[in-house]
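Structure record follows, encoded as structure tokens.
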There are 2 protein chains.
Amino acid sequence: MYLAGSRQGGFHCSAGDRLIESTRELLWERGYVGTSPKAIPERSGAGQGSMYHHFKGKPDLALAAIRRTAEEMRATAEGVLDGPGTPYERIEAYLRRERDVLRGCPVGRLTMDPYVIASDALRAPVDETLDWLRERLAQIVEEGRERGGFAAGLDGEEIAATIVATVQGGYVLARASGSPAAFDAGVRGLLSLLSPPADTRAP
Amino acid sequence: MYLAGSRQGGFHCSAGDRLIESTRELLWERGYVGTSPKAIPERSGAGQGSMYHHFKGKPDLALAAIRRTAEEMRATAEGVLDGPGTPYERIEAYLRRERDVLRGCPVGRLTMDPYVIASDALRAPVDETLDWLRERLAQIVEEGRERGGFAAGLDGEEIAATIVATVQGGYVLARASGSPAAFDAGVRGLLSLLSPPADTRAP
DNA sequence: GTCTATACTGCGATAGAC
DNA sequence: GTCTATCGCAGTATAGAC
């Protein structure tokens, strides 16, 4: 049985790991209902029996996959938000970072899955990740406000929610139109609204 | 056979209509893959054979349902955006209008359905509706810029994309956390960014 | 541990009585 | 037009050989 949280040596090459990876891909592409327990081992080149040896069933495997996806997304965001630059620049870097826009957000997507939302265990990693992201962005906005980069009247938590929502909604617009253009437009619009007055910017 | 577009007398009470209505509900709650051709007539109190008499199958019925949902969403938005008030006030009214936040957007939700996105026919009503909404908002932003309510440097299309994205992403945040609070925070944040300078506002 | 074979349940659609 | 009966197939899970 695969133990969630451990990596069994640190290499991502055990059978359990490969099953989790193919589940992550399938959840991203097709969502929970659209992912069959037959397709998972098929994609990782294993037999179905092997899967049921390592995991109790589809929900168990989904939990492991969702946890890992959430962890990864958080690490990626952390890398950008903890980077160098002014608060505005770090937020800009986050908004402009490379994304597979048309594939959607592997975490945000799950909120449209009724089964995921109905299960506290499956929803928790999604909630915690988006919540962490909002709090981290709120800190940065507050920091920018103190240093004069952002307008004094802004509320850090509210702006953080707007930033995350713009990204998540950008995926929706892009997928609807079949082009990343709308995502980029939304980001540019938000940046223009956040843009500090000229006299506080670097030359 | 039900004819898409006609209402067969104008009353929403024919069998075809009831089937479309229950399909709309199910698509909203469970998405395309999660909606079985058994559940649809069941919910509308009919037998399965009746459904296949009126519609060619699940995709046909989904098309009729999606078209009607898109039409309704557009009419709702139009009612608010064509209402009285300054450009800022109309955008505020749109952002603050009553919503069943935790249920998500019946139109935007469909973009996370691989089957819907893969079909041009099913995706078209979704795309057209969100596209119309962005264009309408862009006009209003441009209007506000000319009248001095919005900053001169803003781009109407970009801000419109940001507005729609904030709403769509707000649903994601709300569903992730199980509370509408994050949606409201995102909207307040956006409004504070859009907020015209004090000297241009009504007293 | 991994595989193939098998069971059971629903999905998606059709047939044919009324 | 509507219903019940039925079909073939895929989803979900288990059994048991290797």
Side-chain angles (χ1 to χ4, degrees), chain A residues 1-4 6-9 11-23 25-27 29-66 113-116 118-119 121-122, chain B residues 1-4 6-9 11-23 25-27 29-66 113-116 118-119 121-122:
Chain A
M1 178 68 67
Y2 188 89
L3 297 170
S6 91
R7 288 285 164 77
Q8 298 183 330
F11 296 100
H12 287 245
C13 56
S14 75
D17 262 315
R18 280 196 306 273
L19 287 164
I20 291 177
E21 288 303 315
S22 66
T23 304
E25 290 175 23
L26 287 163
L27 285 180
E29 291 167 20
R30 316 187 193 167
Y32 187 89
V33 267
T35 298
S36 76
K38 187 178 159 192
I40 294 167
E42 204 167 80
R43 178 171 295 216
S44 75
Q48 228 173 328
S50 171
M51 180 177 107
Y52 282 100
H53 171 76
H54 288 285
F55 297 92
K56 283 198 286 283
K58 186 173 158 181
D60 186 39
L61 192 38
L63 179 58
I66 291 174
D113 244 302
Y115 188 93
V116 172
S119 153
L122 294 182
Chain B
M1 177 69 66
Y2 188 89
L3 300 171
S6 90
R7 288 286 166 77
Q8 299 184 331
F11 296 100
H12 288 246
C13 56
S14 74
D17 261 316
R18 280 196 305 275
L19 287 164
I20 292 177
E21 288 303 314
S22 66
T23 305
E25 289 175 23
L26 287 163
L27 284 180
E29 291 168 19
R30 313 187 195 171
Y32 187 89
V33 267
T35 297
S36 75
K38 187 178 158 192
I40 294 167
E42 204 167 78
R43 178 171 295 216
S44 75
Q48 224 172 330
S50 171
M51 180 178 105
Y52 282 99
H53 172 77
H54 288 286
F55 297 91
K56 284 198 285 284
K58 188 174 158 180
D60 186 40
L61 192 38
L63 179 58
I66 290 174
D113 245 303
Y115 188 92
V116 172
S119 153
L122 293 181

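Everything numeric in this text was worked out from a predicted model, so none of it was measured. Below, chain A is the first sequence line, B the second, and so on; all start at residue 1.
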To the nearest angstrom, the CZ-P distance between A:F55 and C:dG1 comes to 13 Å
Choose from C:dC11, C:dT2, C:dA13 the nucleotide whose nearest atom is closest to any side-chain atom of B:P59. C:dA13
Whole angstrom is fine here: how far is it from CG in A:D60 over to P in D:dT12? 15 Å
Spacing between A:K38 atom NZ and C:dC3 atom C1', to the nearest angstrom: 16 Å
Write down the distance between CG (B:L26) and P (C:dC11), rounded to a whole number of angstrom. 11 Å
Straight-line distance of A:I40 CD1 to A:S50 OG, nearest 0.5 Å: 12.0 Å
Selection from C:dG1, D:dT12, C:dG12 that lies nearest to any side-chain heavy atom of B:K58: C:dG12
May I ask you to evaluate whether B:Y52 reaches the phosphate of C:dT14, defined as a side-chain N or O under 4.0 Å from OP1 or OP2? no
Nearest whole angstrom, please: distance from the C1' of D:dC18 to the NE2 of A:H53. 14 Å
Can you measure from OG1 (A:T23) to CG (A:D60) and round to the nearest 0.5 angstrom? 10.0 Å
Does A:S50 reach a base, just sugar-phosphate, or nothing at all? Heavy atoms under 4.0 Å. base
In whole angstroms, the gap separating P of D:dA13 from CG of A:L61 amounts to 10 Å
Enumerate the residue pairs fulfilling salt bridge (Lys or Arg N to Asp or Glu O under 4.0 Å) with a member in residues 31-41 of chain A, sequence neighbours excluded, ordered by first and then second residue. none
Return the value, rounded to whole Å, for the distance between atom OH of B:Y115 and atom C1' of C:dC11. 14 Å
Sub-4.0 Å heavy-atom contacts from residues 41-49 of chain B onto DNA chain C, ordered by number: B:Q48
Please determine whether side-chain contact (heavy atoms from CB on, under 4.5 Å) holds for the pair B:L122 and B:Y115, giving the CA-CA distance in whole Å, both sets of side-chain angles, and the decisive distance to 0.1 Å. CA-CA 9 Å; B:L122 293 181; B:Y115 188 92; 3.7 Å; yes
Out of curiosity, B:L27 CG to B:D113 CG, how far, rounded to the nearest 0.5 Å? 7.5 Å
Output the rounded distance in Å from CD1 (A:I40) to C1' (D:dT12). 11 Å
Is the backbone of B:V116 close enough, under 3.5 Å, to the side chain of B:S119 for a donor and an acceptor to pair up by distance? no
All salt bridge (Lys or Arg N to Asp or Glu O under 4.0 Å) counterparts of B:E29, not counting sequence neighbours: B:R43
